[in-house]
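Step one of this worksheet: look at the structure below.
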Amino acid sequence: MIDPKLLRQDPQQIAANLARRGFVFDAERYRGLEERRRSLQARTQDLQNERNVRSKAIGAAKQRGEDIEPLKREVSRIGEELSEAEAILDKIQSGLVGIQLELPNLLHPEVPDGEGEADNPELRRWGGIPAFDFTPRDHVELGTLLGGMDFEAAARIAGSRFVVLSGELARLHRALIQFMLDIHTSEHDYTEVYVPYLVNAAALTGTGQLPKFEEDLFRVEHEPAFYLTPTAEVPVTNLVRERILEEGELPLRMVCHTPCFRSEAGNYGKDTRGMIRQHQFEKVELVQVVRPAESWEALEGLTGHAEVILRRLGLPYRVVSLCAGDIGFSSARTYDLEVWLPAQERFREISSCSNFTDFQARRMKARWRNPETGKPEPVHTLNGSGLAVGRCLVAILENYQQADGRVAVPEALVPYLGGRRLLLG
RNA sequence: GGAGAGGUGGCUGAGCGGUCGAAAGCACCCGACUUGAAAUCGGGUGAGGGCAUGCGCCCUCCGGGGGUUCGAAUCCCUCCCUCUCCGCCA
């Protein structure tokens, strides 16, 4: 949520910033609603004050044993007027909140212009693109050769966009999770957390998935509604919802492995082959809650932490800065890490690292007590995948494949696979 | 799922129709005493919002929502959560 004070003071400038995303914010209409709210609120509060004062007088009169009936009738009349005013005010206020909840975050000035994925500038690159003296297979072929990657079985028990892994591949998958958690907890000072995989609507509203993106989520039949977590960002970031953190508690660094569930509605034709885009996948997520002054530095740090995983695994990647047209709803600035997939001969997203500034914090009412002002103020929140496990498995298979279809094990994972250096199938 | 108890400020906890944003204690901050500290004493200390922006005035918030009433932390309905016992169960 954008600071309502900013929204009131300078709606034109906000409209200009959001326009870079292609978002149209009707500043005039907002200003009009805000004007009405303001005068109606003043009037409502006057009436409330009137009612309070007179009701107290009735109490006092009653104690003196006076006749209070005429007084009651009078206040009753005020009450009618008041509830009418309250009803209208309520409507206007929820209208304003509705607008506020659908406004995306303000962009950092350095977010590049652009309309889509193709316009994201590359910031840096790591690792050489592997040269094969044979035509590299894609991960589906490799999985078939090795055995242990079964899309048909998954389709029978669930449907499309699921996979069943078994044997060495299941173990490699688990090893990746373990490896990532170990690095982040022991080298990057993150605390591991375990959280619910079903979350409520309030949590999703806090991080920004709701109310706008309900169609991307799986809703569980339950009253009140539960949703399957689309990312650990939701439960983990919401750990600080409605809290006032003390200065000394910050920064918070948390790492969390969860499954993620996405409906992929609207992506019907996209990445239908293989494990790239699934309804269910595993992710190790990094979340930070920091002092506002430190969040930009924290974004660089967090991105670096995710990069370490790719480097240790020896996977070539590049870092791109998401452009104004491609960046997420809640984010002020996002770096994507893209790993090289030889079979596709292109880089594919494997991590997305964002600074949400105070946007999620306002929605969640997550604050800290700023020692300089003594007041509770919104914290800044960040997160990034560290990394997407399924895509990481895909990248390892494709980058470490041999002509015979066998796959070498990245050095860093060897201890996690019982000393095994080669996946044999 | 059944029976019961409860959800109040950073924490503990009183209040059960009027003067209650709410006693008391703890914690925290300021001051006094002290060479300094501790102890003691005095004072202060919730969040959000509106008007004014000069000290200020006012509104809302006692788990969420709805209702009764001139007036609700207090009464009623409903939902959520916590605890105890029983049942079932990974």
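First the proteins, then the strands, lettered A, B, ... as listed; each starts at 1. Just the heavy atoms: all of them, side chains too, but no hydrogens, waters or symmetry mates, feed the values below.
Nearest-nucleotide positions on RNA chain B place A/Glu377 closer to the 5' end than the other of A/Glu377 and A/Val75.
Defined by atom type and a distance below 3.5 Å, a donor-acceptor pair is missing between the side-chain atoms of A/Lys283 and A/Thr258. Using modelled atom types and a 3.5 Å distance limit, the side chains of A/Tyr190 and A/His305 yield a donor-acceptor pair. Checked by atom type, the side-chain pair A/Glu214/A/Gln209 shows no donor-acceptor distance below 3.5 Å. Checking A/Gln344 against A/Arg348 by side-chain atom types alone, a donor-acceptor pair falls below 3.5 Å. A donor and an acceptor atom, one from each side chain of A/Tyr30 and A/Gln100, are located under 3.5 Å apart. Side-chain atoms of A/Gln360 and A/Glu233 include a donor-acceptor pair closer than 3.5 Å. Inspection of the A/Tyr227 and A/Asn200 side chains reveals no N or O donor paired with an N or O acceptor under 3.5 Å.
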Look for any protein N or O under 3.5 Å of an N or O in nucleotides 75-78 of chain B and output each such pair with its distance, or none.
none

Nucleotide N/O of nucleotides 16-18 of chain B paired with protein N/O under 3.5 Å:
unit_1	atom_1	unit_2	atom_2	d
B/G18	O6	A/Lys62	NZ	3.2
B/G18	N2	A/Ser55	O	2.7

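Between A/Asn49 and B/C59 there is a side-chain polar atom (N or O) within less than 4.0 angstrom of OP1 or OP2. Phosphate contact (OP1/OP2 of B/U60, side-chain N/O of A/Arg51, threshold under 4.0 Å): present. In this model, the phosphate group of B/G48 is approached by a side-chain N or O of A/Arg367 to a distance below 4.0 Å at OP1 or OP2. Taking 4.0 angstrom as the limit, A/Arg369 places a side-chain polar atom (N or O) nearer than this to OP1 or OP2 of B/A47. Distances shorter than 4.0 Å separate some side-chain N or O of A/Asn52 from OP1 or OP2 on B/C59.
Rounded to a whole angstrom, the distance from the P atom of B/G56 to that of B/U74 is 31 Å. Here the separation of B/G15 from B/U34, taken at their P atoms, is 43 Å to the nearest Å. Comparing B/C30 with B/G48, their P atoms are spaced 22 Å from each other, to the whole Å. Taking the C1' atom of each, B/G65 and B/G13 are spaced 27 Å apart, rounded to whole Å. Straight-line distance between the P atoms of B/G50 and B/C80: roughly 34 Å, to the nearest whole Å. When the C1' atom is used for both B/C29 and B/G46, the distance is 15 Å, rounded to whole Å. For the P atom pair drawn from B/U69 and B/C20, the interatomic distance equals 25 Å after rounding to whole Å. With both ends at atom C1', the span from B/A22 to B/G2 equals 37 Å, rounded to whole Å.
Residues A/His108 and A/Trp296 place their aromatic rings such that the two centres sit under 6.0 Å apart.
At least one donor-acceptor pair closer than 3.5 Å links the side chain of A/Thr207 to the backbone N or O of A/Ala203. A/Arg161 places a side-chain N or O within donor-acceptor distance of the main-chain N or O of A/Arg277, the cut-off being under 3.5 Å. A/Ser331 contributes no side-chain N or O that, together with a main-chain N or O of A/Phe356, makes up a donor-acceptor pair within less than 3.5 Å. Checking side-chain atoms of A/His279 against main-chain N and O of A/Arg262 turns up a donor-acceptor pair under 3.5 Å.
Summarising the geometry, the separation between CZ on A/Arg73 and P on B/G71 is reported as 15 Å, rounded to the nearest angstrom. Distance A/Tyr197 OH to B/A90 P: 21 Å, rounded to the nearest Å. Per the geometry, CD belonging to A/Glu50 stands 17 Å off P belonging to B/C70, to the nearest Å. Straight-line distance from the NZ atom of A/Lys5 to the P atom of B/C51: 11 Å, rounded to whole Å. Atom CD1 in A/Ile78 sits about 10 Å away from atom P in B/G71, given to the nearest Å.
Helical stems in RNA chain B, defined as runs of 3 or more consecutive Watson-Crick or G-U wobble pairs with both donor-acceptor distances under 3.5 Å, are listed by first residue as B:1-7 with B:80-86, B:10-12 with B:24-26, B:28-32 with B:40-44, B:46-51 with B:56-61, B:63-67 with B:75-79.
Looking at residues 34-47 of chain A, you'll see A/Arg37, A/Arg38, A/Gln41, A/Gln45 sit with a heavy atom under 4.0 Å from some atom of RNA chain B. Of the residues in residues 240-249 of chain A, none has a non-hydrogen atom less than 4.0 angstrom from any atom of RNA chain B.
A salt bridge is defined here as a Lys NZ or Arg NE, NH1 or NH2 lying under 4.0 Å from an Asp or Glu carboxylate O, and A/Glu34 with A/Arg8 meets this definition.
The shortest non-hydrogen separation linking A/Val290 to A/Leu250 is C-CD1, 4.3 Å.
To the nearest 0.5 Å, atoms CG (A/Asp46) and CD1 (A/Ile78) are separated by 11.5 Å.
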Donor-acceptor contacts under 3.5 Å from residues 91-99 of chain A side chains, at least two apart:
unit_1	atom_1	unit_2	atom_2	d
A/Ser94	OG	A/Asp90	O	3.0
A/Ser94	OG	A/Lys91	O	3.2

